[in-house]
Amino acid sequence: MQIPPWAKDKFIYGNINPWVAGAAYRKIAGLGGLMIYLYTRWKVAMPNYMTGEKSNWVKLDNVTMAKYGYGMDPKTKAKALRKLEKAELIQVHLIDKSGKAPQIRLILK
């Protein structure tokens with residue numbers, strides 16, 4: 001499955017079937033990529049409990065992901081994030097050598 005060239009520069013809100021997008025994430029980064037996609041899509045749909053606003057950026061910390069059944073080895077997560085970022089399916093905000101969890105935003109969701 002190829003991602004259309006026009007979709008690489010756009011942040012798509014729901015025009016693509018989630019099964020098709022999930023298949024693209026799995027093809028690029030394996031099961032870890034699919035788990036990251038599903039967790040991020042689920043978290044994006046939840047509003048902030050204090051402000052009631054939704055955010056496009058999702059923090060991928062290991063403890064919370066494991067708590068909700070999306071746990072994986074940190075090395076697997078790091079590999080999947082690198083592959084997805086290289087394929088331009090996500091944007092990653094990571095502070096180098098800070099020890100903090102990366103924040104990501106789906107480009108194709």
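Along the sequence shown, the residues carry numbers beginning at 1.
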Side-chain contact test, heavy atoms from C-beta onward, threshold under 4.5 Å: evaluate it for [X] versus [Y] and give yes or no.
{"X": "Y39", "Y": "V58", "result": "yes"}
{"X": "L89", "Y": "I107", "result": "no"}
{"X": "Q103", "Y": "L60", "result": "no"}

Looking only at heavy atoms, what is the nearest atom pair of [X] and [Y], with distance?
{"X": "Y37", "Y": "A21", "value": "OH-CB, 3.6 Å"}
{"X": "E85", "Y": "V92", "value": "OE2-CB, 3.8 Å"}
{"X": "G33", "Y": "L84", "value": "CA-CD1, 4.0 Å"}
{"X": "G32", "Y": "A80", "value": "C-CB, 4.0 Å"}

[atom1] of [X] to [atom2] of [Y]: how many Å apart, nearest 0.5 Å?
{"X": "L106", "Y": "K43", "atom1": "CG", "atom2": "NZ", "value": "13.5 Å"}
{"X": "M35", "Y": "T40", "atom1": "CE", "atom2": "OG1", "value": "11.0 Å"}
{"X": "K59", "Y": "I104", "atom1": "NZ", "atom2": "CD1", "value": "13.5 Å"}
{"X": "I28", "Y": "L34", "atom1": "CD1", "atom2": "CG", "value": "12.5 Å"}

Cut-off 3.5 Å, no hydrogens considered: what does the side-chain donor-acceptor table look like for residues 64-76, sequence neighbours left out?
residue, atom, partner, partner atom, Å
T64, OG1, D61, OD1, 3.3
T64, OG1, D61, OD2, 2.6
D73, OD2, K75, N, 3.2

If Ile, Leu, Val, Met, Phe, Trp and Tyr residues are connected whenever their side-chain heavy atoms lie under 4.5 Å apart, and connections chain through other members, are Y25 and W42 in the same group?
yes

Quick one: do L81 and L94 end up in the same hydrophobic cluster if we chain Ile, Leu, Val, Met, Phe, Trp and Tyr together by side-chain heavy atoms under 4.5 Å apart?
yes

Which residues pass the side-chain hydrogen bond (donor to acceptor under 3.5 Å, both in side chains) test with K77, not counting sequence neighbours?
N62

Can you list every pair that meets ring-ring contact (aromatic ring centres under 6.0 Å, His included) and has a residue in residues 73-101, with sequence neighbours left out?
none

